[in-house]
Every structure is written in structure tokens, then in C-alpha cells.
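Not measured: the values here are computed from a predicted model.
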Amino acid sequence: MRKVVLGFSGGLDTSYCVKYLTEEKGYEVHSVIVNTGGFTAEELQEIEKRAYSLGVKSHKTVDAVRSYYDKVIRYLVFGNVLKNNTYPLSVSAERMSQALAIAEYVKEVGADAVAHGSTGAGNDQVRFDMIFHIMIPGVEIITPIRDLKLSREEEISYLQSKGVEMNFTKAMYSINKGIWGTSVGGKETLTSNGMLPEEAWPTQLTKNDPEQVQLTFVKGELTGVNDKKFDHPTDAIVYLQSLAGGFAIGRDIHVGDTIIGIKGRVGFEAAAPMVILKAHHALEKHVLSKWQLTWKDQLATFYGNWMHEGQILDPVMRDIEAYLQHSQENVTGKVFVTLMPYRFQVTGIESPYDLMSSKFGKYGEMNSGWSGEDVRGFSKIFGNQTMIWNQVNESNKK
């Protein structure tokens, strides 16, 4: 009997895939779920039970939270990556970790095929397919929902005919949760105008009184929140989320270009990620030079876009990561943030590497490292080439 590894979430699409692959195609199905911070232990247990009840031969849960951070999130922080200056890649980045883990499990099981529940309308189909083509070439990729062009109603009818019992009521909003944020899709995001209503957001406003938090970064990585120190940045992210989430911080709508060439909108909430990115960026503005910041911004923009489009395995990504890593040598210090309902404010930083030092002058007030005559000569030389260009071109107009 041929083996297939199925990326399984326990939802309608992947539940259909189990029944279809076992009963219609005769595969031995080995399901796997890759947790990137979106599931509790209890939820993972329920998903495992569902997988076996549907007829899988085996089921595996992969804890990829820390590896997701080590291989992906840390570089998004180093680069202050916000796609279209808005979106912290909450879902697109985690798909990379999930696809890579599934590919490794295919090798472990020795499967003949790999399957996922993507439709033919979004980005995930490209992300998963591409990683599988690269990591496990020659392994057949099966996508029942996409290939059969199934509607939700057709999937429900099929499962009911097989005696499957589950909640088939379609939720008004599609939610995907991970450690780096939660996406929210609904009828309001299907058009170019409209905001998700309050009840659509998974994390509701529960805090109204402002709170001060202190974030400690060591070489660009979050290691402490207030008086708490953490063994791994993922623990710090989770703790910060517990503090900031109740303020309903980090809600927005992302508008972007999909890999397949259409534009789309999706809501997201990402309290901890947005606070971390803005705090980290504030620290960098104090400790990095002008040109470090300039080139890092350009490389990070490309890195985020290429990650979003599933190209994590392109060797150029390792090159950019090396630059981003090296740029963080002096990004150490404390950042002070005020959390408020629906917003936050970075109020300042402390760092031994702070380049804003009164020893070298006070902006707009007094300098101590140069004289007025120094600036007079510098200004003349600094604009010399442009002065020559203007004079040459003015003379040619006569």
C-alpha cells in the first residue's frame, strides 16, 4: 500500500483529504500537524483524536515553535520586517516552517506522496508545493481540494455520506493563529472597503489603564520583559503577548499582492510582534550608523517579500541573514514602552552603545567636536560636485 503524508489541521479540508485518500485512493495516510504557536496542548490532543477517528495510520505532532523563531522570526525582527509597512508576515512566514517540517517527515516515513488541503485560490498552495519540489523532488504532491475544485458544500456532503460527525457550521471568520500573530478573514476583507467588527477579533479589549513595560534586547533579540528574564525569545514573546494582548494592540488590515498575481485583504492582530518590531527599531536608530540603517532597510524589504512568496530556501536568503545577524552586534539595551487601548508608544531607550551622546554635541543647540569654520569648509566641499554640475549646465544653456 502506498504511503502519503498529509499536513493535517483537523479542519474541513484536511478531514476531507483523509477520507478521500484512504477510501477513494487506497493510500496509507500518515497525518502530521506542525505547531508554530497556534495550538494549546488540549487542542493538539483533540486534533490527534480526530485524525485517528478519520482513519489515519499514524499521526505526529511536531513542535516547531522554537525552530520557527530560530530560522525565521529572529530575522524578521532584525530586519523590522513589515510587508507594505503594515503586516508582520504572521501567516506567510509560519507556512515556511510548516512546509519544511512536513517535508522532513515525508523522508522519515519514506512516503510515496505528500498531500495538503490548499485550494487553488491562495498563496499557500504555491508555498507548500515549492518547498516540496525543492526538498523532496520526485515525491508526488496530492491536493484533493484544489484538483477536484471542491466547494465547501461538496466536502460536507461527502463527509456526511461517510458518517463523519463534526461541526460543519461555517464560521463567519477564518482565523489562523501563531506565535507571530493571528490572521482574520471575513466578508469585510473580501472587498476594498470595510473594517472587521469588534466581535471578529479573537483578542478583545480587557485593559483600559496604561501600563509601562521595559523590553531588554541583547544583540537584537528579546531576552527580558520588565523584571523577567527568559531562556528563549519565544518565551519572552508569549509573555509580552499576555501583557499587550488585552489592550487590543496590533490590529490592522493588510492589503497585498498575492504570489499568483491578484490583490487581497486580510485582517490581523499581532500585539507582541508589533511592540517588539517598533521597540527594536527604536533601539537600532540609536545604536546603528546612518548607512547601516539605510542598507539594512533595503535588504530587509527584499527579505520580507521573498519570504512572503515562499522563497526561504533561496541561497540569497542566507546571505541576507548573515548581514542582518552581523548588524545586531551593538543592538543591546532597554526600550521603554507605554501600552494603551488600541495603541502603544515607545518612550525611550537606554544602551551602552547609544550614539546620541552629549559628549559629541546636542542636536540644534551646541557642538563640541567641531567649529563653525569646520562646518563652513565642509559644506563647501560636500556640495562641490553638484555646484560644478550646475555651473556647467547653466553655461551650456546660454
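Ring geometry for Y87 versus H254: interplanar angle under 30°, hence parallel rather than tilted (30 to 60°). Ring pair Y16/Y158 is tilted by interplanar angle, where 30° to 60° counts as tilted.
The hydrophobic cluster containing L339 does not contain F336, counting ILVMFWY residues as joined when their side-chain heavy atoms lie under 4.5 angstrom apart, directly or transitively. Placement of L148 and V4 within a single hydrophobic cluster is found when ILVMFWY residues are connected by side-chain heavy-atom separations under 4.5 Å, directly or transitively.
Among all heavy-atom pairs drawn from I145 and G117, the shortest one is CG1-O, 3.8 Å. Among all heavy-atom pairs drawn from V65 and T234, the shortest one is O-CG2, 3.8 Å.
Proximity of N123 to H308: side-chain heavy atoms (C-beta onward) are separated by under 4.5 Å at one or more points. Inter-residue side-chain proximity for E221 and V77 is flagged as unmet; no heavy-atom pair is nearer than 4.5 Å. Taking 4.5 Å as the limit, some side-chain heavy atom of Y173 sits within range of a side-chain heavy atom of E188. With a 4.5 Å cut-off on side-chain heavy atoms, R146 and S118 do not count as touching. At a threshold of 4.5 Å between non-hydrogen side-chain atoms, the residues E28 and R2 do not count as touching.
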Side chain to side chain contact (heavy atoms under 4.5 Å, CB included) assessment of L12 paired with S15: CA-CA 5 Å; L12 177 65; S15 294; 5.7 Å; no

Side chain to side chain contact (heavy atoms under 4.5 Å, CB included) between V29 and K57, intermediate numbers included: CA-CA 6 Å; V29 177; K57 178 71 173 178; 6.0 Å; no

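No donor-acceptor pair under 3.5 Å is formed between the side chain of S183 and the backbone N or O of F268. Using a distance-only test at 3.5 Å, with no hydrogens or angles considered, a donor-acceptor pair links the side chain of D374 to the main chain of S371. Using a distance-only test at 3.5 Å, with no hydrogens or angles considered, a donor-acceptor pair links the side chain of S53 to the main chain of R50. N396 places a side-chain N or O within donor-acceptor distance of the main-chain N or O of V392, the cut-off being under 3.5 Å. No side-chain donor-acceptor contact under 3.5 Å links Q345 to the backbone of T338.
Side-chain contact annotation: Y68 with Q98, donor-acceptor N/O pair under 3.5 Å absent.
We find the CG-OG1 distance between L54 and T22 to be 8.0 Å, quoted to the nearest 0.5 Å. F128 CZ to R95 CZ: the interatomic distance, rounded to the nearest 0.5 Å, is 5.5 Å. Between the CD atom of Q311 and the CE atom of M317 there is a distance of 8.0 Å, given to the nearest 0.5 Å.
For the pair K228 and Y239, the distance from NZ or CZ to the six-membered ring centre is under 6.0 Å and the angle to the ring normal is within 45 degrees.
In summary, E198 and R251 engage in a salt bridge, as defined by a charged side-chain N under 4.0 Å from a carboxylate O. With salt bridges taken as basic N to acidic carboxylate O contacts below 4.0 Å, none links R152 and E155. Classification of R66 and D235 as a salt-bridged pair holds, one side-chain N sitting under 4.0 Å from a carboxylate O.
Residue-environment remark: CZ (R376) stays at or below the threshold of 12 foreign heavy atoms within 6.0 Å.
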